[in-house]
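I have placed the structure first, in the form of C-alpha cells, so that the comments after it can refer back to it.
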2 protein chains.
Amino acid sequence: MARKIGSHSEITGPRVRQAALTLFARHGYAAVSMRQIAAEVGVQAGALYNYTADKQALLFDLMQTHMKDLLVALDACSDTGNALRRLETFSRFHIRYHLDRPDLVFIAYMELRNLSDENFAAVEALRGRYEARLRDILTQGIDERAFSVPDVKVASMAIIAMLTGITTWYREEGRLSRAEVEEIYWQMVRKAVSA
Amino acid sequence: MARKIGSHSEITGPRVRQAALTLFARHGYAAVSMRQIAAEVGVQAGALYNYTADKQALLFDLMQTHMKDLLVALDACSDTGNALRRLETFSRFHIRYHLDRPDLVFIAYMELRNLSDENFAAVEALRGRYEARLRDILTQGIDERAFSVPDVKVASMAIIAMLTGITTWYREEGRLSRAEVEEIYWQMVRKAVSA
DNA sequence: GTCTATAAGAGGATAGAC
DNA sequence: GTCTATCCTCTTATAGAC
C-alpha cells in the first residue's frame, strides 16, 4: 500500500520527537520501542527512520536541544545587578522553565546513562555550562559579603538539585500555584546561602 | 551437564540480588537482561528462577527492602530533643546512609516507574512514612519558633531532594570527605529553615 | 514519505536432564 | 540447584513496492 494521504516531512518530524519525548518520559528510554513511538505518531515503525538515524539519535537530539535551549533562555533573562538579585532571577527562571517542560527535564536527568559515551560528553558539557552560571553568581555574592557559602561548587549542585526536584512532585491541578511554589523555593534558596 | 560443584542456595540468592543491584544501578532496570544478571553471578539464566519469581520481583525486593531498612535505621538513631537537634540528626543520618548505599538509593529514586502498579503503591507508602518523619520535625520547629517554613510538605521534599542529590555527584576519591560534605549540607539545611 | 515484509537477533521464562 | 535447550515474543533496523 502507498502512503495514506500525502507527504508530511515538515509535520511528521516534530511529531516523532514529541511522541518520543512523551513516551521516554513516561516509561524510560530503554523500555520504549520504536514500534510504540510509531504507533503514537500514527505511522509504521519503518517510517521513523526518515527522521532519525536510530533510536539513540532520537534521545540525543531531545537532550541536546533541551540543554541548548535552556542556556539560551537563561542568558536571555539574566541581569547584571547584585548577586542577591541575580540569584533570585536565576532561581525563578529555573523553576518556571522546568515546570513548563516537565518531560524534557525528566529525561535530561534520568536518561544520561542511556546516552552513548560521545553523546553523554556533549550533553554533560552543556550541563556544566549551566551550572557555571550559578557558580558565578554565588562567587559574586561571596565577594559582596552577601552570601556565606562553604563551597561554591557543592552549593550550586545542592541548589539545582533542590529546585529541579520540584518537577518530581508538582502537579498542575495540585494544592499550590506555580507562583506559590516559586516563592517558597526562592525563600529557601535565599536563606540557604545567606551570610 | 550437572551442577558445577554443589548446591548453593544460601549463597547464590544474595549474589543474585547483588548482581541485579549493581547492574540495575549502572544501566537501568529495563536495559538489563536476565542473561546479564546470570553472567554476573556466574550461572545460567534459568538458574535465576530458583531465587526470584521473575525480573519484576527482583526489582521490587531490592526497593522494598531498602525502604524498610531505611526506616528502621532512621528510627534507631532518632532522638527526642528540640527540633534543631532532631533536624541535624535527620540530615546527617540521611547523608551518611545514602552515601553508604549509592546503588540502592539510585535505584529507589530512578526505577519507581518500572514497578508494577501494586508494587509501586507499596514502595510509595514506605517513602511517605520516611518523609513524614521529616515533616514532624519541621512542624515541631515551627511550634518552637525555631524554624520559619512557608509550607511543611514542600520544605520536606525540598530538603530530601537536596540531600539525596549528593549521591549523583559524590565520589569516594573526590576533593571532599564525607564529613566535609555532611557539614556543608547540614549548614545549608539549617539556614534554609531558620526563623 | 510511507507502506509491507523481513532479516537477524535478544528478550523473559520454562522443561527436563542430571 | 544448576545445567542445556528451547519456546515464543518482541526488538532494531533495512529492503523494496508504491
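In what follows, chains carry the letters A, B, and so on, assigned in the order in which the sequence lines appear, proteins first and then strands, with residues in each chain numbered from 1.
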Are any of the side-chain nitrogens in A:Glu182 or A:Arg178 under 4.0 Å away from the carboxylate oxygens of its partner?
no
Might you list the N or O atoms of the protein lying below 3.5 Å from N or O atoms in nucleotides 10-16 of chain C, with each pair's distance?
| residue | atom | partner | partner atom | Å |
| --- | --- | --- | --- | --- |
| C:dG12 | OP1 | B:Val32 | O | 3.4 |
| C:dG12 | OP1 | B:Met34 | N | 3.4 |
| C:dG12 | OP1 | B:Lys55 | NZ | 3.2 |
| C:dG12 | OP2 | B:Met34 | N | 2.7 |
| C:dG12 | N7 | B:Arg35 | NH1 | 3.0 |
| C:dG12 | O6 | B:Arg35 | NH2 | 3.1 |
| C:dA13 | OP2 | B:Tyr49 | OH | 3.0 |
| C:dA13 | OP2 | B:Lys55 | N | 3.1 |

Does NZ or CZ of B:Arg101 lie under 6.0 Å from the centre of the six-membered ring of B:Tyr97, at an angle within 45° of the ring axis?
yes
Centroid-centroid distance, A:Tyr130 to A:His94, less than 6.0 Å
yes
Looking at A:Glu40 and A:Arg15, does any basic side-chain N land under 4.0 Å from a carboxylate oxygen?
no
Rounded to the nearest Å, what distance is computed from the CD atom of residue B:Gln44 to the P atom of nucleotide C:dC18?
17 Å
Using only side-chain N and O atoms of B:Thr12, determine if any of them is under 4.0 Å from OP1 or OP2 of D:dG1.
no
Is it the case that B:Arg127 places NZ or CZ above or below the six-membered ring of B:Tyr109, under 6.0 angstrom from the centre and within 45 degrees of the axis?
yes
